[in-house]
Amino acid sequence: MYSSVAQLARTNPFSAPHFQLGQDCVVSRKSQVPQVQKTRQLAAAAVKDEEYSCAYGSGKFFVLCGFGGIISCGTTHTAVVPLDLVKCRIQVDPKKYKSIFNGFSVTLKEDGVRGLAKGWAPTFIGYSMQGLCKFGFYEVFKILYSNMLGEENTYLWRTSLYLAASASAEFFADIALAPMEAAKVRIQTQPGYANTLREAAPKMYAEEGIWAFYKGVAPLWMRQIPYTMMKFACFERTVEALYKYVVPKPRNECSKGEQLVVTFVAGYIAGVFCAIVSHPADSVVSVLNKEKGSTALEVLKRLGPKGVWKGLTARIIMIGTLTALQWFIYDSVKVYFRLPRPPPPEMPESLKKKLGLDQ
């Protein structure tokens with residue numbers, strides 16, 4: 001029975017079920033001493049319920065998770081507005097802004113120090129709304145899909161679960177982000193167009209109507225959905241790997257501070273992969289929101305294979321730092337409000353019995 005299950009596991013395109021069953025099986029059967037382990041599930045943390053301010057999956061839990069998303073995304077994206085501004089300008093005008101340092105130098109000469117803060121208002125508003133939907137809906141969809149799969153399949157297909165839940169959440173998050181992202185790019189990449197959100201929004205509406213704010217939503221999905229799928233799935237599996245192979249003691253024996261360090265490290269690793277996966281679409285979004293009447297396909301053809309990778313170095317630095325800080329802040333909000341924080345998943349006892357690993 002084990003061989004057939006293992007063979008099926010290897011066929012999963014996300015490698016989710018192949019969780020070293022063979023290795024666990026050998027260890028379990030060699031041991032002559034019965035071992036009793038507490039079952040850890042995605043839906044429950046290994047501490048007493050009295051320590052929590054609310055139940056896992058309750059309305060209050062989702063609201064506070066959304067609030068954590070607002071703080072983590074809104075503040076971090078606003079903090080790196082100068083780097084984001086230079087990155088966008090490299091993407092839309094690589095001849096003028098040749099590199100990160102050259103971009104900063106040219107911007108400072110033309111606009112002064114205040115010029116580096118252009119677009120901070122739409123950035124803060126837009127990414128706060130995106131964070132609300134991204135983190136809040138991720139928790140919603142993760143529990144929803146987990147309940148649909150059942151306990152055993154949730155563990156077996158956990159990577160696929162993370163991918164599906166994050167993609168679903170990001171679909172709605174980008175609809176919330178699109179208007180402010182469009183205004184931000186106009187302010188940052190078109191000199192003289194507008195200096196503030198109050199100037200840019202009415203002008204954009206007068207020129208193209210409501211379409212001006214949502215014409216970039218499809219490229220946003222192209223950029224953000226792969227980004228978010230990588231951000232959540234890579235983070236979840238990296239945390240699991242760090243506690244299994246790197247951290248010298250179980251998670252429930254780590255202090256809150258030690259757990260947050262693991263969160264930060266896993267977040268940075270996930271962020272690097274996020275930046276690479278989503279960068280071509282990010283280049284298209286930047287150019288598309290600058291130009292009138294263009295389509296995503298036209299911009300993609302014009303940029304070409306090399307053009308879509310302009311500004312990647314700046315984006316890796318920005319997204320790596322952003323993702324690490326976002327996960328750190330989000331987890332810190334959970335700690336502050338005493339929200340349930342499920343530990344890395346372990347194989348359910350029922351599945352161990354089916355596979356003969358409980359002997």
Side-chain angles (χ1 to χ4, degrees), residues 66-89 91-92 114-138 169-225 227-228 231 274 278-279 281-292 294 296 299 311 314-315 318-319 322-323 325-326 329-330:
F67 178 69
I70 290 174
I71 296 176
S72 66
C73 291
T75 55
T76 52
H77 277 277
T78 305
V80 295
V81 161
L83 183 60
D84 183 48
L85 179 143
V86 172
K87 182 266 300 179
C88 287
R89 289 184 172 182
Q91 289 172 327
V92 301
R114 292 186 64 182
L116 292 173
K118 277 188 174 182
W120 75 266
T123 296
F124 179 74
I125 297 170
Y127 282 94
S128 292
M129 297 306 297
Q130 188 209 39
L132 169 67
C133 298
K134 185 196 296 277
F135 284 94
F137 285 161
Y138 174 70
E170 189 60 36
F171 177 85
F172 296 101
D174 290 341
I175 295 174
L177 170 64
M180 293 296 104
E181 179 74 2
K184 174 186 78 74
V185 172
R186 287 286 182 94
I187 293 170
Q188 291 181 338
T189 62
Q190 291 189 9
Y193 183 83
N195 290 319
T196 65
L197 177 60
R198 286 180 295 178
E199 292 177 17
K203 198 171 183 179
M204 291 170 64
Y205 184 78
E207 291 174 351
E208 299 181 70
I210 197 69
W211 175 243
F213 300 100
Y214 287 99
K215 70 176 184 178
V217 72
L220 266 180
W221 283 328
M222 292 167 54
R223 180 188 81 183
Q224 291 296 131
I225 289 179
Y227 163 86
T228 302
K231 175 178 181 174
C274 289
S278 61
H279 189 73
D282 181 66
S283 297
V284 173
V285 170
S286 295
V287 176
L288 186 65
N289 282 323
K290 177 191 174 186
E291 299 178 352
K292 299 177 185 178
S294 297
V299 172
R315 194 156 189 270
M318 183 181 79
I319 296 300
L322 273 178
T323 306
L325 288 174
Q326 284 173 5
I329 294 170
Y330 180 66

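Here the structure is a predicted model, which is why all the values come from computation and not from measurement. For this chain, numbers begin at 1 and follow the sequence in order.
- Residues Val81 and Leu116 form no side-chain contact, since every pair of their non-hydrogen atoms from C-beta on lies 4.5 Å or further apart.
- The two residues Val185 and Thr189 make their nearest non-hydrogen contact at O-OG1, 2.6 Å.
- Side-chain contact between Thr196 and Ile187 is absent, with no heavy-atom pair separated by less than 4.5 Å.
- A donor-acceptor pair under 3.5 Å links the side-chain atoms of Ser72 to the main chain of Gly69, judged by distance alone.
- Looking at Phe213 and Tyr205, their side chains come closer than 4.5 Å, going by heavy atoms from C-beta outward.
- Side chain of Glu199 to main chain of Asn195: a donor-acceptor pair is present (N/O by atom type, distance under 3.5 Å, no hydrogens or angles).
- Counted by atom type alone, Gln326 and His77 present one or more donor-acceptor pairs between their side chains at under 3.5 Å.
- For the salt bridge (charged side-chain N to carboxylate O under 4.0 Å, His left out) test, residues two or more places apart in sequence or in another chain that qualify with Asp84 are Lys87, Lys184.
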Problem set entry | Trace of the salt bridge (charged side-chain N to carboxylate O under 4.0 Å, His left out) decision for Arg186 with Glu207 | CA-CA 13 Å; Arg186 287 286 182 94; Glu207 291 174 351; 3.6 Å; yes
Problem set entry | side-chain contact (heavy atoms from CB on, under 4.5 Å) evaluation trace for Tyr127 with Thr78 | CA-CA 8 Å; Tyr127 282 94; Thr78 305; over 6 Å; no
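- Here the CZ atom belonging to Arg315 is positioned 9.5 Å from the SG atom belonging to Cys88, to the nearest 0.5 angstrom.
- Put simply, the side chain of Lys203 gets close to the backbone of Tyr193: a donor and an acceptor are under 3.5 Å apart.
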For this session: Test Phe135 against Cys73 for side-chain contact (heavy atoms from CB on, under 4.5 Å), laying out the working first.
Result: CA-CA 9 Å; Phe135 284 94; Cys73 291; 3.6 Å; yes
Problem set entry | Verdict with supporting geometry, Val80 and Thr123, side-chain contact (heavy atoms from CB on, under 4.5 Å) | CA-CA 10 Å; Val80 295; Thr123 296; over 6 Å; no
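- Pro122 and Ala183 make their closest contact through CB-CB, 4.4 Å (heavy atoms, listed as atom of the first residue, atom of the second, distance).
- Counting only residues at least two apart or in different chains, salt bridge (charged side-chain N to carboxylate O under 4.0 Å, His left out) contacts with residues 121-134 comprise Lys134-Glu170.
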Exercise. What's the verdict on side-chain contact (heavy atoms from CB on, under 4.5 Å) for Leu132 and Phe172, showing C-alpha distance, side-chain angles and the deciding distance?
Worked result: CA-CA 10 Å; Leu132 169 67; Phe172 296 101; over 6 Å; no
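- Checking side-chain atoms of Trp221 against main-chain N and O of Asp174 turns up no donor-acceptor pair under 3.5 Å.
- Contact between Cys133 and Ala173 at its shortest, heavy atoms only, is CB-CA, 3.6 Å.
- The side-chain heavy atoms of Leu197 and Ile125, taken from C-beta on, include a pair separated by under 4.5 Å.
- Counting all heavy atoms, side chain and backbone alike, Ala281 lies closest to Pro219 at CB-O, 4.0 Å.
- Atom CD of Gln188 and atom CH2 of Trp120 lie 13.0 Å apart (nearest 0.5 Å).
- Residues Gln224 and Ser278 have side chains not in contact (no heavy-atom distance under 4.5 Å, counting atoms from C-beta outward).
- With sequence neighbours excluded, the residues forming a salt bridge (charged side-chain N to carboxylate O under 4.0 Å, His left out) with Arg223 are Glu181, Asp282, listed by chain and number.
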